[in-house]
There are 2 protein chains.
Amino acid sequence: MAEPLYLQISGRLRQGILTGEYKPEDMLPSENELAARYSTSRVTVRKSLGVLESEGLVRPWHGKGYFVQPPKYTMFTLYFGDDATDGRFRFQEVTILRPEKDVAEKLLLKKHQMAIVTRRILERDDRVVAYDEKFVPYERGVPSIEFELHFTEFPHMFEERFAPMSLHTEMTIGMETAPEHVCAALSLAADKPLLVVGRLIRASDDKPVGFAKQYLTEAFGKLSARSGYYTQEKL
Amino acid sequence: MAEPLYLQISGRLRQGILTGEYKPEDMLPSENELAARYSTSRVTVRKSLGVLESEGLVRPWHGKGYFVQPPKYTMFTLYFGDDATDGRFRFQEVTILRPEKDVAEKLLLKKHQMAIVTRRILERDDRVVAYDEKFVPYERGVPSIEFELHFTEFPHMFEERFAPMSLHTEMTIGMETAPEHVCAALSLAADKPLLVVGRLIRASDDKPVGFAKQYLTEAFGKLSARSGYYTQEKL
DNA sequence: AAGTGGTCTAGACCACTTC
DNA sequence: AAGTGGTCTAGACCACTTT
C-alpha cells in the first residue's frame with residue numbers, strides 16, 4: 001500500500017475537478033456510489049472527501065450531495081513578522097510617553113495613561129529601510145518589559161502573561177505621512193508618505209495589549225501574499 | 001444530542017489549550033485514553049482531534065502522541081478583491097498597447113507583443129479613491145475578452161479558458177510613484193506616491209495569464225488582515 | 001514488548017432532501 | 001419511500017517510537 005486508499009480516491013476526484021470533468025456547481029458521485037466503485041467502506045470515502053473539503057474544492061450538502069465549489073480569489077495569505085526580513089535592527093530608544101490619539105484609542109488607554117514605547121531602525125546593506133515603533137500600555141505594578149522589547153518578536157512578549165494561544169493580531173496596511181521623528185530617523189524629507197503596517201495584538205477577551213507600527217521605505221521592498229482556491233466562508 | 005460528541009470533546013480540549021492547561025509542546029492524552037475517558041470509540045476521538053489539527057492548535061506525531069503547537073504570528077489572512085469594496089467602478093478605456101517593462105516581464109511578453117489594457121476608476125461618495133488597470137497578453141486568434149473586462153472579477157475572466165480551479169494569484173503590496181495618466185485620472189499632483197496592489201494571475205502551469213494593478217489613494221482607506229493561531233507550514 | 005497514531009471495515013441510526 | 005450526508009461503534013492490522 002504505497003499511497004493510502006483515501007488519498008488515491010481524493011487524488012482521482014481532485015484531478016476530475018481540476019481538469020473540468022466535474023465543473024463548479026456539479027455534484028460528485030455520492031458516498032455510497034464511490035464506496036461501491038472503489039470497493040471500500042463509506043468511512044474511507046468520507047475521509048477522502050474530507051480532504052477535498054478542507055482544500056475548499058468541494059462542499060457537502062446534507063441530504064443532497066457533494067458539490068464542486070466555484071473558486072474564490074479574495075482570500076490571501078500574507079507572511080509578515082518582526083524578523084521576517086533580512087537586515088539588522090538597530091535599537092534607538094525606550095521611553096514612556098502619552099501616544100498620539102490614534103494609538104491611544106487603539107490601546108483603549110485611559111485619560112493621561114502612558115505607554116511604553118520602543119523604537120528601532122531596520123538597516124539593510126548599510127541603508128535604513130524601515131522604522132519600527134511598539135506601544136505597550138503602562139500600568140503601575142505590572143512587571144516592566146521594556147528590556148526585552150527589542151529582543152523578541154512582538155507577540156512573544158505577552159506569552160508569559162497570557163495563555164499563548166489566546167493572542168491574535170489585527171493588521172492594517174496603508175499609507176501615511178510619517179511624523180517628524182520618523183522622517184528624521186530615516187533621513188527623509190519631512191511629511192513624506194510611507195507604507196505603514198500596523199499590528200494590534202489582543203488577548204482572548206479582545207483587550208488590546210500592544211500595538212506595533214512599522215514605517216517602510218521604498219527600499220524595504222514590497223509585501224507579498226498568495227491566494228489558492230479558498231472557498232471557506234466561515235467568517 | 002444537541003452537540004455532537006466529537007465537538008464536545010474538541011471543545012473541551014480547545015478550552016484546555018487556550019487556558020494554558022495544556023501548554024505548547026505539551027502532549028495531549030492519547031486517543032485510547034480519551035476514548036476511555038469519554039466512553040466512546042477511537043474513531044470519534046480521532047475526529048475531534050482532527051478539528052483541533054485543522055485549527056493549527058495541535059499536531060500528531062506518529063508513535064508518540066498529539067502535541068500542542070506554539071502559535072505563529074507571522075501568517076495573516078487578507079481579503080481583497082475587485083468588488084470587495086464599497087463604491088462604484090467607472091469604466092475609462094480599453095486599449096491595446098505595449099506595457100511598461102515591469103508589467104511586460106511579469107506577463108512574460110515576447111518582444112513587441114502587446115497587451116489588452118482596461119482602465120477603471122473607483123468612486124465612492126462622489127470621490128475618486130482608486131485607479132484600476134488590468135493587463136492581458138494579446139494573442140492573435142484568441143477570442144478577445146475586452147468586452148467583459150470591466151464586468152467580472154478579474155480571475156473569473158479566465159475561467160472559461162482554463163479549468164476554473166487551476167488559477168492562483170500572487171499579490172504584492174507596495175508604494176509607487178504613480179505614472180502621469182494615473183495621477184491625472186485621480187486629480188492628483190504628478191508623481192505622487194500611492195499605495196499599489198498588484199495581482200498576478202497564473203494558470204496551473206504557472207504561466208501568467210493576467211496582471212492587475214490598483215492604485216489606492218488615502219481616501220480608499222487601509223487594507224486589513226488578521227492572524228489567528230496558524231501553525232501549518234505546508235508552504 | 002508496549003504504547004502511540006494511521007488506515008480501514010461492515011455495519012448502525014439519524015436528519016435532511018426529493019419524489 | 002428512497003437517497004443523501006452526519007454521527008457513531010467495536011473491532012482489526014499496520015507503522016512508528018520508546019523502554
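All heavy atoms count here, side chains included; hydrogens, waters and symmetry mates do not. Worth saying up front: this structure is predicted, and the values here are computed from it rather than measured. The chains referred to below are lettered A, B, ... by the order of the sequence lines, with proteins before strands, and numbering in each begins at 1.
Partners of T19(B) by side chain to side chain contact (heavy atoms under 4.5 Å, CB included), not counting sequence neighbours, listed by chain and number: Q15(B), E21(B). When the side chain to side chain contact (heavy atoms under 4.5 Å, CB included) test is applied to S30(B), the partners found at least two apart in sequence or on another chain are N32(B), E33(B). Under the rule for a side chain to side chain contact (heavy atoms under 4.5 Å, CB included), the partners of P60(B) that lie at least two apart in sequence or sit in another chain are E53(B), Y66(B). With sequence neighbours excluded, the residues satisfying side chain to side chain contact (heavy atoms under 4.5 Å, CB included) with A35(A) are V45(A).
Put simply, Y6(A) has no side-chain N or O that comes within less than 4.0 Å of OP1 or OP2 on dC8(C). Side-chain nitrogen and oxygen atoms of Y66(A) include none within less than 4.0 Å of the OP1 or OP2 phosphate oxygen of dG3(D). Under 4.0 angstrom from either OP1 or OP2 of dT9(C) there lies at least one side-chain N or O belonging to T44(A).
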query = What string of B, S and - do you get for nucleotides 10-19 of chain C, 5' to 3', when a contact is any protein heavy atom under 4.0 Å?
reply = B-B--BBSS-
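The listed nucleotides are dG5(D), dT9(C), dG5(C); the one nearest the side chain of E31(A) is dG5(D).
The residue among S30(B) and K47(A) whose nearest nucleotide of DNA chain C lies closer to the 5′ end is S30(B).
Because its NZ or CZ atom is both nearer than 6.0 Å to the ring centre of F89(A) and within 45° of the ring axis, R120(A) counts as a cation-pi partner of that residue. Within the cation-pi definition used here (under 6.0 Å to the ring centroid, within 45° of the axis), R59(A) does not qualify as a partner of F67(A). Cation-pi geometry between R119(B) and Y131(B) is not met at under 6.0 angstrom from the ring centre and within 45 degrees of the axis.
Rounded to a whole Å, the CG atom of N32(A) is 15 Å from the P atom of dA2(D). The CZ-C1' distance, from F67(B) to dT18(D), rounds to 12 Å in whole Å. For the pair L34(B) CG and dT4(C) P, the computed distance is 10 Å after rounding to whole Å. Rounded to a whole Å, the OH atom of Y38(A) is 14 Å from the P atom of dT9(C). When rounded to the nearest whole Å, the span between CZ of R46(B) and C1' of dT4(C) equals 11 Å. Taking atom CD on E33(B) and atom C1' on dG3(C), their separation rounds to 13 Å, with Å as the unit. As a whole-Å value, the separation of L49(A) CG from dC8(C) C1' is 16 Å. Going from atom CG of L5(A) over to atom C1' of dT9(C) covers 11 Å, rounded to whole Å.
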ask   = In dot-bracket notation, what is the pairing pattern of DNA chain C, taking Watson-Crick (N1-N3 plus N6-O4 or O6-N4) and G-U wobble (N1-O2 and O6-N3) contacts under 3.5 Å, with [ ] crossing and | for other strands?
value = ||||||||||||||||||.
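Between F220(A) and L195(A), every side-chain heavy-atom pair lies at or beyond the 4.5 Å cut-off.
A distance-only check finds no donor-acceptor pair linking the side chain of T217(A) to the backbone of A130(A) [under 3.5 Å].
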